[in-house]
Protein chains: 2
Amino acid sequence: MVHCKARLDATFAALSDVTRRGVLEQLGDSDASITDLAQRFRMTLTGMKKHVSVLEQAGLVITEKVGRVRTCKLGPRRLEEEAAWIERHRQLWSARFDALDELIEHLKRKE
Amino acid sequence: MVHCKARLDATFAALSDVTRRGVLEQLGDSDASITDLAQRFRMTLTGMKKHVSVLEQAGLVITEKVGRVRTCKLGPRRLEEEAAWIERHRQLWSARFDALDELIEHLKRKE
DNA sequence: TTTACAGTGAACCAAATGGTTCACTGTAAA
DNA sequence: TTTACAGTGAACCATTTGGTTCACTGTAAA
């Protein structure tokens, strides 16, 4: 469960960078090499490699090196945990706003 | 739309810290002052104030200072954008895995 | 067998992050 | 009117982050 917190940390951190979200979008479209990605995002090979490593660390991307090219593709994680976290909090939010709505209704009826 | 990217950045960054997620959970339960939160998370007032500012910046929390105490509560944003982003990518993921499943099925039938 | 190319790792850099202390302001309570 | 308390801002600090360059390895192509 501590483990789980750390993973949420890693995943949300990975998603907090616009370049990395872009890489995920790209990989949703088709697999790509480090060179492909570096070109598309106008960045050094080394720089892109780091981003890919972050995504890989978070389990969002998997890579395989064959010959001299490393191919990146979307990983097996489907963001279930993150979706669940957000959904849970949407419910908290909603509950509170609903309560507010009810209160307002109540006050209205009282007048 | 650039605006939107920046907001996703800010929100995911805000969510990438375990303390800040904890604060959101707490505020889902009940409103709290900076002092309350600082105590609960064993942190300086100043430190907690910074976290709250980050959450406020991302629109996840709103605060109001009356007298000398600043009360924090969940903000009007309900993480719709973030949920949408994640959902969209869950679909991308799923589509790719479904395609893989189909390929496997196809290969099986061929044998 | 050269030569060119994809990636990698180390070293470096500036900026951001997560935290502290300390001095201060403003408000509430005695 | 003291005094205590909640918050704030500035300054500082260590670590992380997002990026670079440069030297290197290994593989593919000529």
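Numbers restart at 1 for each chain; the letters A, B, ... are given by sequence-line order, proteins then strands.
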(request) Go through residues 44-56 of chain B and report each residue with a non-hydrogen atom lying under 4.0 Å from DNA chain C, sorted by number. (result) B/Thr44, B/Thr46, B/Gly47, B/Lys50, B/His51

(message) When you compare the side chain of B/Val52 with that of B/Met48, does any pair of heavy atoms fall below 4.5 Å?
(response) yes

(message) Please give me the minimum heavy-atom distance between A/Leu37 and A/Cys72, naming the atom from each residue.
(response) CD1-SG, 4.2 Å

(request) Just need the stems in DNA chain D: three or more back-to-back Watson-Crick or G-U pairs, each with both distances under 3.5 angstrom, sorted by first number. (result) C:1-30 with D:1-30

(request) Would you check if the side chain of A/Arg20 reaches a backbone N or O of A/Ala14 as a donor-acceptor pair within less than 3.5 Å? (result) yes

(request) Give the first and the last nucleotide of DNA chain D, reading 5' to 3', that has any atom under 4.0 Å from a heavy atom of chain A. (result) D/dG18 to D/dA28

(request) First locate atom CG of A/Leu45, then atom OG of A/Ser33, and finally report the distance between them rounded to the nearest 0.5 Å. (result) 8.5 Å

(request) Quick one: list whatever passes side chain to side chain donor-acceptor pair (under 3.5 Å) with B/Glu56, sequence neighbours left out. (result) B/Thr63

(request) Please list, chain by chain and in numerical order, all residues satisfying salt bridge (charged side-chain N to carboxylate O under 4.0 Å, His left out) with B/Asp9, sequence neighbours excluded. (result) A/Arg21

(message) I'd like to check the side chain to side chain contact (heavy atoms under 4.5 Å, CB included) partners of A/Ala13; sequence neighbours left out, ordered by chain and number.
(response) B/Ser16

(message) Distance check, rounded to the nearest 0.5 Å: A/Gln57 atom CD versus A/Thr11 atom OG1?
(response) 10.5 Å

(message) Would you say that A/Leu24 contacts B/Trp85 through its side chain, given a criterion of any heavy-atom pair below 4.5 Å between the two side chains?
(response) yes

(request) Give, ordered by number, those residues of residues 32-43 of chain A having at least one heavy-atom distance below 4.0 Å to an atom of DNA chain D; if nothing qualifies, reply none. (result) A/Met43

(message) If you compare all heavy atoms of A/Leu15 against all heavy atoms of B/Phe12, which two are closest, and at what distance to 0.1 Å?
(response) O-CD1, 3.4 Å

(request) Using a 4.5 Å cut-off on heavy atoms from C-beta on, say whether the side chain of A/Thr35 contacts that of A/Val69. (result) no

(message) Filter on side chain to side chain donor-acceptor pair (under 3.5 Å), then keep only pairs touching residues 37-48 of chain A, sequence neighbours left out; what's left?
(response) A/Gln26-A/Arg40

